[in-house]
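Just below is one structure, and these are the notes that go with it.
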Amino acid sequence: MLKRIREMIKNAIINAYGAVELPGLELTIAPEGMGDVATQIAFRLAKILRKNPFEIANRIAQSIKSPYIEKAVAVKPGYINIFLDNLFFEEFIKKIEDEGLSYFQEPKKNIKIQVEFVSANPTGPLHVGNGRGGIIGDVLGNLLKLEGYDVSKEYYVNDAGSKMDLFTDSIVYYYGKLCGIDTKFPEEGYKGEYIKNIAEDIYFKFKDRYAKNGKIDKEAIRDLGKDFMIWQIQKSLARFGVFFDTWFYESTLYKNGDVARTIEAFKKSGYTYEKDGALWFRTTAFGDDKDRVLVRKTGEPTYTLVDAAYHKNKWERGFRKAIDIWGADHFGHIIPMKALIQGLGIPEDFLDVIIYQIVHLYENSKEVMMSKHTGTFITLDELVSEVGKDAARFFFLLKSADTHLNFDMTLAKKESVDNPVFYVQYTYARLLNILKKSGVPIAKKSFNANKLSEREERALLNELIFIKENLENISRTYSVNKLPFLAINLCKSANSFYQKHKVIGADNETERLHLVNATITALSMLMDLMGIEKKEKM
RNA sequence: GCGCCCAUAGCUCAGUAGGAUAGAGCGGCGGAUUCCUAAUCCGCAGGCCACAGGUUCAAAUCCUGUUGGGCGCACCA
């Protein structure tokens, strides 16, 4: 709906000044008492046209004419404040009630986007940091779907690297012990209790089947350990409310020949050379500060090469945008990766990387190092058990990806009591209760926006008409942390309204029911988007 | 050393395509309930937006520098 207003302002500008190059037209909620919609476009135009912004605002305001707009006024330095006509609100309410949740669904854009996240090595349970990446990816995927993209959420399973060997050898050590075979515990092996548990689990199920003639079948142990871990990870993610469309195994890139093909493609690109027995790629030609090795002198491909093959695979699957969500410790990988995909003839902007800052763990005000190797970390499972799925999701979602997050388990437990997620759920439940109590099917009743003149009614209406605008903005900047604030603000307006004005039995009961109904639809959409449970009772 | 991220109320944090009086939650103080859920609402107190310069009609936001914290700079993943 606001799109129409934007079009009208654009037309007004063209009427007044001809075809000017518009630097982007941002609409905001006008300050209280100064209208409904505001724009500062006159300031932008002032620079281009070299004229006084107030003069420009005035001229635009005068040429804005539309049945949806009651009046447009230019204010002091150069704002244009627009008072919407009741017709606008009436059509808005009708549209959102007719279409329901699909009011927020943008038409299909036919662009395939892949969001890849979590992708933790299957060598240990997920920790709280994985939860942070998980929620960002999950919610961003949902949002992009809503914006009309063909979205696929993927988990990349690193099941072929050296970490996997360490993991295997760590299990083998304990499994061997159970079967009476002594092996050396790897120097950098995984020390967590779960390793022992996996070994015991394997022994319990298969006894010494994989330890014949004093030799342990490492391949079998590797596969069993991997499957066990992935199963664990999937379980943890499900409890956290995160689901993936696809699980992509690194090992398939070897099996299907992608790795070999990628090496050939790199060689053809003209950016490779041999040095010290290794194959290098000239990433410095694309802004990197040093070249990268693709194939080690041992003949083994590097992680970097395999990851390039993986992204080539994404491109060949038809994705035109790959959004990777990485922890800050992978930051250094961005520039080489972008260089590599360009070397493969893939446009640089195919890959967008969202970096989220590391989660620092505290216990009794002392920092705890998170490490799978030492086994000292708090798992995602523990977090979900302690504070609940919804509170855990909200906890991470509220914070923007690039702020450092200090995580204190005891604090998290305490904060879970007054977590804003309950505020949102409570608001939803009490609004829903009004509709239940009234028992009137409101759909058929006409809506007269004239009858909503109270301050709280108008504020809530204004909040509602801007939601689509805000969603679009959030999806463009990938800033999903703004979603909970959007929900909280909507709830604030809704609660102010609720507290002050009774709906049932009021003179304008019909109009208020429509307002409540539209608010529920919007809130419902936001909660779905964030993966927060909608409770009918609190 | 180089690159990137961060520094906003007592605490946890929002707020960057420069814009109207810098916001919220928690905590503190004071109010509101014969009525649809008080897990609510209303009000008050609390800010040299790390520091110093610069650009601009306008800077928390952009630029330069400084300080403090984090992350990265592998033939690991």
Side-chain angles (χ1 to χ4, degrees), chain A residues 23-24 26 28 30-31 34 38 40 42-44 46-47 52-54 75-79 81 119-121 123 158 160-164 166 188 250 275-280 288-290 292-307 327-335 355-358 360 395 398-406 408 411 414-415 417-420 422-423 425-427 429-438 456 473 476-477 479 481-482 484-485 488-489 491-492 494-506 509 512-513 516 537-538:
Chain A
E26 199 184 1
T28 55
M34 308 190 71
Q40 344 129 348
F43 293 110
R44 305 265 147 67
K47 270 201 181 121
N52 181 315
F54 182 66
V75 183
K76 297 185 284 183
Y79 300 97
N81 291 336
S119 300
N121 291 337
T123 54
N158 294 107
S162 60
K163 301 274 194 233
M164 206 60 208
L166 274 178
E188 297 283 310
E250 182 186 1
K275 197 182 94 186
D276 305 330
L279 181 69
W280 294 69
D288 201 358
D289 55 3
K290 60 180 74 108
R292 306 286 160 168
V293 171
L294 297 175
V295 182
R296 280 167 237 190
K297 62 181 165 208
T298 61
E300 279 178 89
T302 58
Y303 161 81
T304 305
L305 166 65
V306 180
D307 214 14
D329 53 339
H330 286 67
F331 170 78
H333 196 50
I334 298 176
I335 289 174
I355 291 291
Y356 62 89
Q357 295 301 315
I358 295 295
H360 296 276
F395 182 88
L398 273 164
K399 279 131 209 204
S400 87
D402 50 18
T403 78
H404 306 270
L405 179 51
N406 294 333
D408 191 317
L411 204 68
K414 189 181 150 288
E415 280 183 3
V417 179
D418 41 48
N419 192 305
F422 300 119
Y423 179 71
Q425 288 173 321
Y426 175 73
T427 309
R430 74 199 306 219
L431 290 179
L432 206 61
N433 205 37
I434 296 178
L435 293 192
K436 273 196 215 157
K437 278 255 163 72
S438 90
E456 290 78 11
N473 194 40
R476 206 180 54 241
T477 51
S479 49
N481 67 300
K482 289 179 190 163
F485 291 98
I488 289 167
N489 286 337
C491 288
K492 252 187 106 60
N495 280 321
S496 292
F497 162 74
Y498 183 101
Q499 198 72 20
K500 191 142 184 206
H501 307 290
K502 199 159 153 64
V503 174
I504 295 169
E509 177 179 316
R512 285 183 175 167
L513 282 173
V516 166
K537 275 187 185 159
M538 284 288 281

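Keep in mind that what you see is a predicted model, and the values were worked out from it rather than measured. Within every chain, numbering begins at 1; the chains are lettered A, B, ... in the order of the sequence lines, protein sequences first and strands thereafter.
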Exercise for the section: Could you pull out all residues at least two apart from A/Asn81 that satisfy side-chain hydrogen bond (donor to acceptor under 3.5 Å, both in side chains)? Expected result: none
Fill in the blank from the handout: Taken in chain and number order and not counting sequence neighbours, the residues that satisfy salt bridge (Lys or Arg N to Asp or Glu O under 4.0 Å) with A/Asp329 are none
Fill in the blank from the handout: Counting only Watson-Crick and G-U wobble pairs with both atom distances below 3.5 Å, the stems of 3 or more consecutive pairs that include RNA chain B are B:1-7 with B:67-73, B:10-13 with B:23-26, B:28-32 with B:40-44, B:50-54 with B:62-66
Handout entry: Any residue meeting ring-ring contact (aromatic ring centres under 6.0 Å, His included) with A/Phe43, in chain and number order, not counting sequence neighbours
Key = A/Tyr79
Handout entry: Distance in angstrom units between A/Lys537 NZ and B/A39 P, rounded
Key = 15 Å
Fill in the blank from the handout: Going 5' to 3' through nucleotides 3-16 of chain B and flagging B where a protein heavy-atom sits under 4.0 Å of the base, S where only the sugar-phosphate is that close, and - otherwise, we get BSBS-----SSSSS
Shorter than 3.5 Å, N or O on both sides, protein versus nucleotides 56-58 of chain B: list them out with atom names.
unit_1	atom_1	unit_2	atom_2	d
B/A58	N6	A/Lys47	NZ	3.0

Practice task
Report which part of the nucleic acid A/Tyr303 touches: base, sugar-phosphate, or nothing (heavy-atom distance under 4.0 Å, all strands).
Solution key: base
Problem - Heavy-atom donor-acceptor pair, A/Asn81 side-chain to B/A20 base, under 3.5 Å - result: yes
Collect all protein-nucleotide pairs involving nucleotides 25-30 of chain B in which both atoms are nitrogen or oxygen and the distance is under 3.5 Å.
unit_1	atom_1	unit_2	atom_2	d
B/G25	OP1	A/Lys492	NZ	3.2

Tabulate atom names and distances for all N/O pairs under 3.5 angstrom spanning the protein and nucleotides 31-35 of chain B.
unit_1	atom_1	unit_2	atom_2	d
B/C35	O2'	A/Lys502	NZ	2.6

Practice task
Remember a base hit wins even if backbone is also touched, and classify A/Met34 as base, sugar-phosphate or nothing at under 4.0 Å, heavy atoms.
Solution key: base
Fill in the blank from the handout: Applying side-chain hydrogen bond (donor to acceptor under 3.5 Å, both in side chains) to A/Glu509 and not counting sequence neighbours gives none
Practice task
Tell me, please, which residues at least two apart from A/Tyr356 pass ring-ring contact (aromatic ring centres under 6.0 Å, His included).
Solution key: none
Practice task
In whole angstrom, give the distance that lies between atom OH of A/Tyr498 and atom C1' of B/C41.
Solution key: 12 Å
Exercise for the section: With sequence neighbours left out, write down each residue that passes side-chain hydrogen bond (donor to acceptor under 3.5 Å, both in side chains) with A/Asn52, or none if nothing qualifies. Expected result: none
Practice task
Name all residues meeting the side chain to side chain contact (heavy atoms under 4.5 Å, CB included) criterion together with A/Glu250; count only those two or more places apart in sequence or in a different chain, and write none if there are none.
Solution key: A/Tyr156, A/Asn158, A/Asp159, A/Ala160, A/Tyr254, A/Val306
